[in-house]
Protein chains: 2
Amino acid sequence: MTARARIRDAAVSLFAERGIKGTSVREIAAEAGVSLGLVRHHFGSKEDLRAACDAYVLDRLMRLKEEILLDGRQPGAGPMPGAHPVVLFLLRYFARSVADGSPAADAMFAELVGSSQRWVQEHHGGRVADPGAYASLLVATEVGLLVMRAQVSRQLGADILGPDGHLRLSRAKLEFYSKPLLDEGSAELAYKALDRLEREHSVRRRSGTGRAASGGPASGGAVKGRAEQGRAGRGGGAP
Amino acid sequence: MTARARIRDAAVSLFAERGIKGTSVREIAAEAGVSLGLVRHHFGSKEDLRAACDAYVLDRLMRLKEEILLDGRQPGAGPMPGAHPVVLFLLRYFARSVADGSPAADAMFAELVGSSQRWVQEHHGGRVADPGAYASLLVATEVGLLVMRAQVSRQLGADILGPDGHLRLSRAKLEFYSKPLLDEGSAELAYKALDRLEREHSVRRRSGTGRAASGGPASGGAVKGRAEQGRAGRGGGAP
DNA sequence: TCGTTGACTGTACGCGTGTATAGGGTCAGA
DNA sequence: TCTGACCCTATACACGCGTACAGTCAACGA
């Protein structure tokens with residue numbers, strides 16, 4: 001393995017684990033077993049190195065997915081990522097990149113949403129009113145799981161990137177994607193609440209009525225109970 | 001407003017926006033309009049300041065949720081967070097904290113999963129086989145949306161923390177949570193595939209069979225095809 | 001053989017960082 | 001008036017960072 005490849009692998013690994021800011025070029029050099037100067041010789045600045053890693057990982061991810069798709073002996077279960085250990089590793093880098101904010105990762109995020117949206121439209125025709133937002137939610141869930149790998153793994157009692165945890169998570173995903181959280185009744189109720197809220201909001205917008213906004217589909221459960229937001233009064237957040 | 005509160009608010013705001021590593025104590029001092037020394041005088045080390053922010057935000061979040069719960073005039077639509085501007089701001093800090101990794105945020109994540117799980121069990125009785133994992137997915141989706149605010153907002157064409165984007169996202173969430181992505185047939189098929197995979201895996205585990213894993217519930221949709229960037233190649237960067 | 005090229009190392013520079021500490025005000029109470 | 005407590009500023013220090021550059025060594029073509 002060439003020194004250049006070792007440096008790249010070390011960078012991808014450390015960036016994925018500790019983030020860009022949390023990783024020094026010296027650490028990368030040490031991990032790759034080369035001198036600090038060689039990193040710069042091969043990749044230029046740290047930002048250049050990061051861009052090279054982005055390009056490498058994303059390209060690799062695309063190619064691997066194609067392969068998986070082609071041999072696809074697995075029954076397609078919708079836009080869910082596969083379990084290739086390599087893919088999972090690369091996806092972890094991707095997730096970190098998205099969380100840290102990188103143009104290349106943003107582009108791939110957009111592409112994922114695009115193809116998920118296509119999938120949704122193909123399989124659910126006109127039943128979904130806002131396929132773009134629906135697809136965004138789907139991608140946010142999948143990428144979010146990678147970003148929050150540590151927390152989710154702790155909840156499940158097994159690393160979701162390991163065999164056991166991944167299996168359990170995959171089954172849970174099937175439940176999550178096939179058994180709706182909300183029944184039609186409460187969804188309809190919530191839609192109505194949103195419509196009401198929008199009217200209030202536009203009224204408020206037109207004339208400076210008091211009553212601040214607070215709008216979304218209910219709250220709480222995450223917090224337990226139900227109900228949702230209440231007033232909005234209150235002033236701004238922190239500042 | 002006391003200088004101490006200004007410092008705390010500035011820290012929360014900057015930490016939420018740029019992350020812990022991406023924010024210097026000097027920037028916080030400047031944002032709060034105080035000297036560097038005063039930050040240290042009031043909060044001690046940077047890590048202490050971060051812990052104080054964690055405690056403040058999480059406590060505030062809990063109290064606000066309680067208030068929201070109590071007056072709750074909105075119809076409950078399940079475990080979805082409300083739209084209080086303040087809550088959203090605090091949630092953004094929370095999301096960043098989760099992504100960056102903080103014990104306090106981890107604890108709150110666990111608590112959110114716990115109450116979501118309770119909600120699921122209460123409303124779906126025995127219909128969900130793995131309520132813990134199901135609830136984790138729910139929380140990962142919600143927090144993931146906050147973490148990926150920029151990307152999701154770009155997809156939707158409006159800031160999901162602003163009135164318009166939030167409304168659209170809320171409606172999409174209702175679709176996402178009430179219209180299942182997978183029908184029973186394909187879910188059943190995928191379950192079977194997972195079972196088969198598990199058997200293969202345990203066999204492989206027992207005796208070292210070849211064939212790498214590539215498992216999971218199918219792959220690809222999300223990605224479709226096509227690669228985008230070119231290799232990582234390129235020669236010496238810097239002269 | 002010589003000269004060139006490219007991989008690779010070692011060392012140094014400037015800068016921003018978190019941390020430390022001495023000191024200047026102001027105000028309440030003895 | 002003095003004194004001590006506080007809130008607050010200013011300055012300094014050591015350190016790790018990204019960056020820059022001179023130089024060593026081996027391979028290779030003329």
Peer 1: By the salt bridge (charged side-chain N to carboxylate O under 4.0 Å, His left out) test, which pairs, at least two apart or in different chains, include something from residues 39-49 of chain B?
Peer 2: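 Every salt bridge (charged side-chain N to carboxylate O under 4.0 Å, His left out) pair that includes a residue of residues 39-49 of chain B, provided the two are not neighbours, is B:Glu47-B:Arg50.
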Peer 1: For the pair made of CG in A:Asp48 and C1' in D:dG18, what is the distance, rounded to whole Å?
Peer 2: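 It works out to 12 Å between those atoms.
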Peer 1: Parallel, tilted or perpendicular, judged at 30° and 60°: which one describes the rings of A:Phe176 and B:Phe176?
Peer 2: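 The rings of A:Phe176 and B:Phe176 stand perpendicular, inter-plane angle above 60°.
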Peer 1: Please list, in numerical order, the residues of residues 14-36 of chain B that have a heavy atom closer than 4.0 Å to any atom of DNA chain D.
Peer 2: B:Arg26, B:Val34, B:Ser35
Peer 1: Cation-pi between A:Arg4 and A:Phe43: NZ/CZ under 6.0 Å from ring centre and within 45° of the ring axis?
Peer 2: yes
Peer 1: Taking NZ, NE, NH1 and NH2 as the nitrogens, is one of them in B:Lys173 or B:Glu142 under 4.0 Å from a carboxylate oxygen of the other?
Peer 2: yes
Peer 1: Rounded to whole Å, please give me the gap between NZ in A:Lys46 and C1' in C:dG16.
Peer 2: 14 Å
Peer 1: May I have the distance from B:Leu38 (atom CG) to D:dT11 (atom C1'), rounded to whole angstrom?
Peer 2: 16 Å
Peer 1: Does NZ or CZ of B:Arg96 fall inside the cone over B:Phe15's six-membered ring, less than 6.0 Å from its centre and within 45° of the axis?
Peer 2: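 No, B:Arg96 does not sit over the ring of B:Phe15.
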Peer 1: Just the rounded figure in Å: distance from P of D:dA5 to NE2 of B:His41.
Peer 2: 13 Å
Peer 1: For A:Glu47 and D:dC17, what is the distance between atoms CD and P respectively, to the nearest whole Å?
Peer 2: 17 Å
Peer 1: Side chains of residues 26-35 of chain B: which donor-acceptor pairs under 3.5 Å do they make with residues two or more places apart or in other chains?
Peer 2:
residue : atom : partner : partner atom : Å
B:Glu27 : OE1  : B:Ser24 : N            : 3.0
B:Glu27 : OE2  : B:Arg18 : NH1          : 2.9
B:Ser35 : OG   : B:Leu38 : N            : 3.4

Peer 1: Could you state the CZ-C1' distance from A:Arg40 to C:dG10, rounded to the nearest angstrom?
Peer 2: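 About 16 Å, once rounded to whole Å.
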Peer 1: Take the protein atom CZ of B:Phe43 and the nucleotide atom C1' of D:dC7, then report the distance between them rounded to whole Å.
Peer 2: 13 Å
Peer 1: Rounded to the nearest Å, what distance is computed from the CZ atom of residue B:Arg50 to the P atom of nucleotide C:dT19?
Peer 2: 13 Å
